[in-house]
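Here is the naming used below: chain letters follow the sequence lines, and residue numbers restart at 1 for every chain. Predicted, not measured: the structure shown is a model, and the values here were computed from it.
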Amino acid sequence: MEMDKLVSLCKRRGFLFQSSEIYGGIQGFWDYGPLGVELKRNIKNAWWHDMVSGHDELTQLPGAPSTYEMTGLDCTIIMHPQVWKVSGHYDLFHDFMVDCRTTKRRYRYDQVRGRWANAKGQRIFVATIVEAAEEHEDTQRRAMKFFKLRAKNATQLEFEDAFLSLTEIENMQDVLGPDAKELGTLTAPREFNLMFKTIIGALAGEEGTAFLRPETAQGIFVNFKNVLDSTRVKLPFGIAQTGKSFRNEITPRNFTFRSREFEQMEIEFFCHPDDSSKWYQYWRDRRMNWYTALGLAAERLILREHAEDELSHYSTGTADIEYAFPFLPAGEYGELEGISHRGDFDLRSHMEGKLDPNSNPLELELNEHGKPKHRGSGKDLSYRDDLTGEKYIPHVIEPSAGADRATLAFLCEAYTEDEQPDEKGNMQKRIVMKLHPRIAPIKAAIFPLVKKDGMPELAKKIYADLKQHFNVFYDEKGAVGRRYRRQDEAGTPYCITVDGQSVADNTVTIRDRDTLEQIRVRVEEVLAEIRKRIG
RNA sequence: GCGGGUGUAGCUCAGUUGGCAGAGCACAACGUUGCCAACGUUGUUGUCGAGGGUUCGAAUCCCUUCACCCGCUCCA
C-alpha cells in the first residue's frame, strides 16, 4: 500500500487534516477530522476500558503473577519545572549545540574550547573537546596538519596564549572544528529543546519559565503518594493516564508518526521489587495481544526485546511493540509502544533528586559544588505493606503507548483495495477500510433502498433507535451501491437497508462490509444483531 | 541539518514560447433506475502553497519563504 493513497483518503473522507492547512500548514502537527476523531476516541476508549475501567481486580488474569488493581489519573500538561529537572529531561537537551557540517558531529557549544593559531599569514581558531591535560598537544597537532607544516618547521606556527571558549568566538568561519579538517564547518550555535518552553504569568521573567510535558508519566510519579493516600489501593496496582504530550522532534515526518504534539496512553504499574520481572513479562505480552485483538496483523507486529547492552543497568528489560508501517523500508518497524522495567529510578528521583543514570548503584548526580544537581521533593514515596510491615520503594513497569501511532497503524492496516462486481457483473475496484468494528467511527449506516413507498420513514425510525446506542449514519440520496461504497471508505462495518419487503414484513437486510454478504433480520432484532457483531 | 522532488477545484491531475483557469472523479438539486460507485438534465467549487520582483501582461521567468514526499543525518 502506498502511503499517499492513505493520506489522500484520510483527507478526502475526513480522518486527518494537516494542522492550520489554510495557512500553509505547520510541520509536525495534525488534526483529526469528523471520522478521525471518532476513530481515535474509540481506540482510547478501548484502551481505557480494557486496561482500567473494565479491569477485574478480583480475578487473576491469564499470565498475571497475581490479581492487581488499576486506577486512573488526569494531570496537567504544565507542571512544576523541577519535575523535568529531576526526571532528567531538562539536562538532556536544554543546551546550545553546534553541528559540524562535514563530520556530522554535534557538540555542546559551551564545552568546545580552543586557541588562536597563526601561520603562513593566516589566523585560525583551533577548537577541541579533549581533556584539559591534552588540549595543548591536540590543538598543536591539528594546527600543524591544517597548515601542512612538518615538525622541523614547527616554529612557523604561533599560538596566542590562552584557551578560550567557543562562545567567545564571533566568526565561525575562522574555526577549525574539533574533528574537522577544514575551516568553517561548524554551524552557528542553536538551542536544542526537546521540551516546549512556555511562560507562566503575563509579566513573568526567566523565573516564570515552564515546560509543556514531554511525557505523561511524570505526572503519575509525582501523584503516586496522592493516589495511595486517597484510595485504598494496595500493591500491585497501576495508574493509567491518557493525554497530550509535546516534543520538539528534530525531523517530524511520515504523516502523524512523529508529531510534535501527540497523545499518549501510559500506565505506571507499581509492584514489589521481587515480582517486577514477572510483571514485566505479563505487561509485555498483555499489550502485544491488545493490538492483535483490535485487528493489527500479527505478522506485521513485532515485540522487540532490547538487547542487554541497550538497557540501563537499573532496568531488567525493555521491549518495543513495533509495527511494519508501509512508509518504512521492508523489514523495518516503527514503535507503537514501549514497555520498560524502570526499577525504582523514578520514585527515588522524585524523593532524593536527579539520579545519575550511569551510576551503579544509582547515586545522586552532584554539581561542581558537590551539591545535588537537581533537588528532589524530599517526600517519602516508599510503600508500606500493612500485612507484612515491609517498607520499600516499589518497582515500576511502564507500558507507554502512542495513541496517534496506534491510530495510524490501525488506519494503515485497514486500508484495502479489492474488486467487487457492479450491477452488470463487471469487476470494479473498491477501496475499503477494514477497521475492527470496535474502533470503526460509524458502526452502521441505515439506507432506504429508494426514497419512496414508506421506506425512508421506516429507515429513519431504525436510525433513531440505533442512534441511542451507537454512532450510526443515515443516507437516502443516490444509488444504494454508491452509498455502500461510501461507507466502505469510512470503514463502516454494517449497512442496514430498508427495501420493499421491509415495509410489508418488518424485516431489513444487514450487509457486511468485508464479505458483502447480506442477511435478513426482523427490525426488532437489528439492535441485538449489531451489538453482537460489534462485540 | 544536508541533498533531490512536489505544490493548480474536496480528490487525482493537465495547462504549449509568458496572453481569458481546465478535465475526470467527487459534491448539490430534480428526474430515472431499484441491492453494490460509471443513467439524464441542471448546478456549485479556485488567494494556481505564501510573499516579493521582472513584464503591457505571470500558474508559467527570477528571488525569498512555507508545507509535503524521497534519500542521508538525527532519534535526546
Side-chain angles (χ1 to χ4, degrees), chain A residues 2-14 16-30 33 84 87-95 97-106 108 185-188 190 192-195 214-215 247-258 320 327-329 334-335 338 357 418-432 445 447-453 455 475-489 495-502 508-513 515-520:
Chain A
E2 297 82 4
M3 206 55 201
D4 51 355
K5 287 185 176 175
L6 178 65
V7 174
S8 164
L9 179 134
C10 284
K11 169 90 190 289
R12 181 156 39 89
R13 289 299 184 200
L16 279 160
F17 307 126
Q18 198 181 2
S19 171
S20 317
E21 194 193 61
I22 63 168
Y23 288 105
I26 177 166
Q27 201 183 20
F29 297 89
W30 298 88
W84 307 111
S87 72
H89 291 86
Y90 178 82
D91 284 350
L92 283 170
F93 252 100
H94 82 290
D95 301 305
M97 312 288 280
V98 292
D99 288 324
C100 179
R101 291 190 187 87
T102 53
T103 65
K104 302 298 183 188
R105 287 173 185 267
R106 177 169 289 168
R108 270 187 52 183
T185 61
L186 296 185
T187 62
R190 287 171 298 193
F192 275 71
N193 281 304
L194 148 73
M195 294 192 287
E215 61 173 35
R247 293 183 197 178
N248 265 317
E249 297 290 348
I250 297 167
T251 321
R253 202 173 275 196
N254 289 330
F255 208 15
T256 61
F257 183 77
R258 183 161 290 166
D320 289 342
F327 49 77
L328 296 171
E335 184 180 344
D418 64 10
E419 290 200 336
Q420 300 293 348
D422 64 14
E423 57 184 344
K424 298 183 188 69
N426 299 321
M427 297 307 278
Q428 297 288 347
K429 197 183 99 173
R430 177 177 79 135
I431 294 174
V432 51
F447 306 147
L449 185 60
V450 290
K451 203 167 49 169
K452 61 183 180 188
D453 300 336
M455 294 181 213
D475 191 1
E476 61 180 22
K477 298 187 184 76
V480 74
R482 181 183 300 265
R483 286 179 263 161
Y484 285 142
R485 295 298 168 88
R486 269 199 288 251
Q487 292 305 314
D488 289 341
E489 286 201 348
C495 290
I496 297 156
T497 304
V498 172
D499 55 17
Q501 187 182 335
S502 305
V508 293
T509 59
I510 298 179
R511 175 252 198 195
D512 181 276
R513 175 194 67 200
T515 65
L516 272 57
E517 283 170 5
Q518 286 181 284
I519 59 162
R520 185 167 284 275

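- Using modelled atom types, no side-chain atom of A:R258 and backbone atom of A:R253 make a donor-acceptor pair closer than 3.5 Å.
- Distances were taken from every side-chain heavy atom of A:R253 (C-beta onward) to each of B:G1, B:G34, B:C35; the shortest belongs to B:G1.
- The base-pairing partner of B:A21, taking Watson-Crick or G-U wobble contacts with both distances under 3.5 Å, does not exist among the strands shown.
- The nucleotide B:C68 finds its pairing partner in B:G5, both defining distances of the Watson-Crick or G-U wobble pair being shorter than 3.5 Å.
- With hydrogens and angles ignored, a donor-acceptor pair under 3.5 angstrom links the side chain of A:R511 to the base of B:C36.
- Closest to the A:T509 side chain, of the nucleotides B:C75, B:C35, B:C36, is B:C35.
- Summarising the base pairing, B:U60 is matched to no nucleotide, lacking a Watson-Crick or G-U wobble pair whose two defining distances lie under 3.5 Å.
- Checked against B:C11, B:U33, B:C75, the side chain of A:R12 finds its nearest nucleotide in B:C11.
- For B:C39, the paired nucleotide is B:G31, the pair qualifying as Watson-Crick or G-U wobble because both relevant distances are below 3.5 Å.
- Taking every heavy atom of both residues into account, A:P448 and A:E476 meet most closely at CG-CB, 3.5 Å.
- A distance of about 40 Å separates the P atoms of B:A21 and B:U32, rounded to the whole Å.
- In the set B:C75, B:G34, B:C70, the nucleotide with an atom closest to the side chain of A:R258 is B:C75.
- Taking 4.0 angstrom as the limit, A:R513 places none of its side-chain polar atoms (N or O) nearer than this to OP1 or OP2 of B:C36.
- Contact annotation for A:G334: no contact, since no heavy-atom pair falls under 4.0 Å across all strands.
- A:F255 comes within 4.0 angstrom of the backbone, heavy atoms only, and of no base.
- Side-chain atoms of A:T497 lie closest to B:C35 of the nucleotides B:C35, B:C36, B:A28.
- Using a 4.0 Å heavy-atom criterion, one finds that A:V450 contacts the bases of the nucleic acid, with or without backbone contacts as well.
- The shortest non-hydrogen separation linking A:G478 to A:R483 is O-NH2, 3.0 Å.
- Taking atom P on both nucleotides, B:A9 is separated from B:G51 by 16 Å, rounded to a whole Å.
- At distances below 3.5 Å, not a single donor-acceptor pair connects side-chain atoms of A:D453 with backbone N or O atoms of A:M455.
- Comparing the same atom, C1', in B:A26 and in B:C11 gives a spacing of 7 Å after rounding to whole Å.
- Looking at heavy-atom distances under 4.0 Å, A:I22 makes contact with a base.
- Using a 4.0 Å heavy-atom criterion, one finds that A:Q27 contacts the sugar-phosphate atoms exclusively.
- The residue A:K429 sits close to a base: some heavy atom pair falls under 4.0 Å.
- Donor-acceptor pairing under 3.5 Å, judged by distance alone, is present between the side chain of A:Y484 and the base of B:C35.
- With a cut-off of 3.5 Å on both Watson-Crick or G-U wobble distances, the partner of B:G46 is given as none.
- Between A:R482 and B:C27 there is a side-chain N or O to OP1 or OP2 distance below 4.0 Å.
- Here, B:A59 and B:G18 have their P atoms 13 Å apart, quoted to the whole Å.
- Across all strands shown, A:R247 has no heavy atoms under 4.0 Å from either base or sugar-phosphate atoms.
- Results of the side chain to side chain donor-acceptor pair (under 3.5 Å) test with A:D488 over A:Q420, A:R513, A:R430 single out A:R430 as the only residue that passes.
- Between the side chain of A:D4 and the base of B:C69 there is no donor-acceptor pair of N/O atoms closer than 3.5 Å.
- Side-chain atoms of A:R483 lie closest to B:G34 of the nucleotides B:A29, B:C27, B:G34.
- For A:Q18, taking side-chain heavy atoms from C-beta onward, the closest of the listed nucleotides B:A67, B:A37, B:C70 is B:A67.
- A:E517 comes within 4.0 angstrom of nothing in the nucleic acid, heavy atoms only.
- Across B:C30 and B:U44, the matching C1' atoms stand 15 Å from one another, rounded to whole Å.
- For the C1' atoms, the distance linking B:C66 with B:C48 amounts to 16 Å, nearest Å.
- The side chain of A:N254 places an N or O atom within less than 4.0 Å of a non-bridging phosphate oxygen (OP1 or OP2) of B:C70.
- Within 4.0 Å of A:N248, counting heavy atoms only, lies at least one base atom of the nucleic acid.
- The closest donor-acceptor contact from the side chain of A:W30 to the backbone of A:F255 lies under 3.5 Å.
- Residue contacts shown for A:S8 are limited to sugar-phosphate atoms, with no base heavy atom under 4.0 Å away.
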